[in-house]
Structures are given as C-alpha cells and as structure tokens.
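For reference, the structure discussed in these notes is given below.
All heavy atoms count here, side chains included; hydrogens, waters and symmetry mates do not.
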Amino acid sequence: MTSADEKQQKLDLRYLRMARVWAENSYCKRRQVGALVVKNKMIISDGYNGTPSGFENVCEDENSITKPYVLHAEANAITKLARSSNNSDGSTLYVTASPCIECAKLIIQAGIKRVVYGERYRLEDGINLLRRANIEVIYLNPDEYESE
C-alpha cells in the first residue's frame, strides 16, 4: 500500500467513525445507521435512519418490525442535499452499513463516486448495483483497525 493509499484509508476510517457517532442520533431500536457525504474533505451532508420530518420518532411497531416509511441514513443524507446549495457530484458517501438496492439507486442518481461502508449486510444487491454503475465501493470495518 502506498503512502497515499494509507493516508486515504486513515481518512476513510475517520469519516466512518464519525458516521458511527452520527448513527447514535437515530431513534431506531433494531439498528442505528449513520451516513456522511464528503466532498473535497468537507462534510456536505449527513443522515441517520429514522422517520420523516414531522412524524413521531418511533421506527418500529409493537412487534418490533421497522415501519415501512422509515428512511435509511443514505436517503436522509442525499435528500438533505436537495434542500441545500451543495451537490454531491463526485463525492464520497460514508455509511455504517451496506447500502440496500433502493439507496444504491439514489447514490447513483446523486452522482456519488465512492461508497465506503463499515458493516456487511446479508443481501449484496445494492453493492452489486453500485459496482455495475462504476462506483468505487470499499468495505472498511473500523473495528479491525487500531485507533489510527
């Protein structure tokens, strides 16, 4: 690994750790997911999984099933960009969990060029779609690295 690659990996790990902290804002009980959109080493958007604005902050029903209208962290971060003066062309998305296929479609349409994620999911259709769209996809588990 070159020193440039090592430097990028350290940066990637740092942003993934930040996404993990951001995930703590989620009211979801089953799983808390955080996402950051970074462009030119600046965080231009963030998101965590949860209910739409104006809804009660309860993600699961009485049977602990996630409500169908809960937004994923990636969707929250990408749609937040639509309300800002920023755009995500050429940016990197850092997300604590592997993107699903629905979020992968949003990532592609948003012009995001890299996705770094920290936790694998049993379904890989989202990851496969991102790769098919020539988006660089990197799995990096911060737990596998010392605090660098």
What's the spacing between K80 NZ and S88 OG if we round to 0.5 Å? 14.0 Å

Does a donor on one side chain and an acceptor on the other come within less than 3.5 Å for Q8 and D12? yes

I'd like a table of donor-acceptor pairs (distance under 3.5 Å, sequence neighbours excluded) in which one partner is a side-chain atom from residues 34-43, with atom names and distances.
residue: K39; atom: NZ; partner: N87; partner atom: O; Å: 3.2
residue: K39; atom: NZ; partner: N87; partner atom: OD1; Å: 2.9
residue: K39; atom: NZ; partner: D89; partner atom: O; Å: 3.2

In one Ile/Leu/Val/Met/Phe/Trp/Tyr side-chain cluster, 4.5 Å: L93, Y117: yes

Salt bridge or not between R31 and E119? Use side-chain N to carboxylate O under 4.0 Å. yes

Test of understanding: with side chain to side chain donor-acceptor pair (under 3.5 Å), list the residues that count as partners of R120, not counting sequence neighbours. none

Shared hydrophobic cluster for I108 and V95 (ILVMFWY, side-chain gaps under 4.5 Å): yes

Is it possible for you to say whether V115 and I78 belong to one hydrophobic cluster, with membership spreading through side-chain heavy-atom contacts below 4.5 Å? yes

Y145 and K10, any side-chain heavy atoms less than 4.5 Å apart: no

Do T51 and N57 make a side-chain contact, defined as non-hydrogen atoms from C-beta onward lying under 4.5 Å apart? yes

Any donor-acceptor pair under 3.5 Å linking the side chain of N49 with the backbone of A73? no

In terms of heavy-atom contacts, does NZ of K7 have more than 12 from other residues, nucleotides or ligands at under 6.0 Å? no

Minimal non-hydrogen separation, L81 against S45, with atom names: CG-CB, 3.6 Å

Identify all side-chain donor-acceptor contacts of residues 123-142 below 3.5 Å with residues at least two apart in sequence or on another chain.
residue: N128; atom: ND2; partner: E124; partner atom: O; Å: 3.2
residue: E136; atom: OE1; partner: R114; partner atom: NE; Å: 3.3
residue: N141; atom: OD1; partner: D143; partner atom: N; Å: 2.9

Do V21 and L13 sit in one hydrophobic cluster, given that two such residues count as connected whenever their side-chain heavy atoms are within less than 4.5 Å of each other, even indirectly? no

Between Y27 and E56, a side-chain donor and acceptor under 3.5 Å: no

Is a side-chain N or O of E60 found less than 3.5 angstrom from the main chain of K29, in a donor-acceptor match? yes

Got a second to check how far L71's CG is from F55's CZ, nearest 0.5 Å? 9.0 Å

Side chain proximity check, V116 to L16, heavy atoms < 4.5 angstrom: yes

Heavy-atom count around Q109 CD within 6.0 Å, excluding the residue itself: above 12? no

Would I107 end up clustered with I101 when hydrophobic side chains under 4.5 Å apart are linked, directly or stepwise? yes

Within the 4.5 Å heavy-atom criterion, are C100 and Y121 side-chain neighbours or not? no

Got a second to check how far R30's CZ is from C28's SG, nearest 0.5 Å? 9.0 Å

Rounded to the nearest 0.5 Å, what separation is found between the OG atom of S26 and the OH atom of Y48? 7.5 Å

Starting at CH2 of W22, measure out to CD of E24 and round the result to the nearest 0.5 Å. 11.0 Å

Reported CG-to-CG distance for the pair D46 and N25, which is rounded to 0.5 angstrom: 8.5 Å

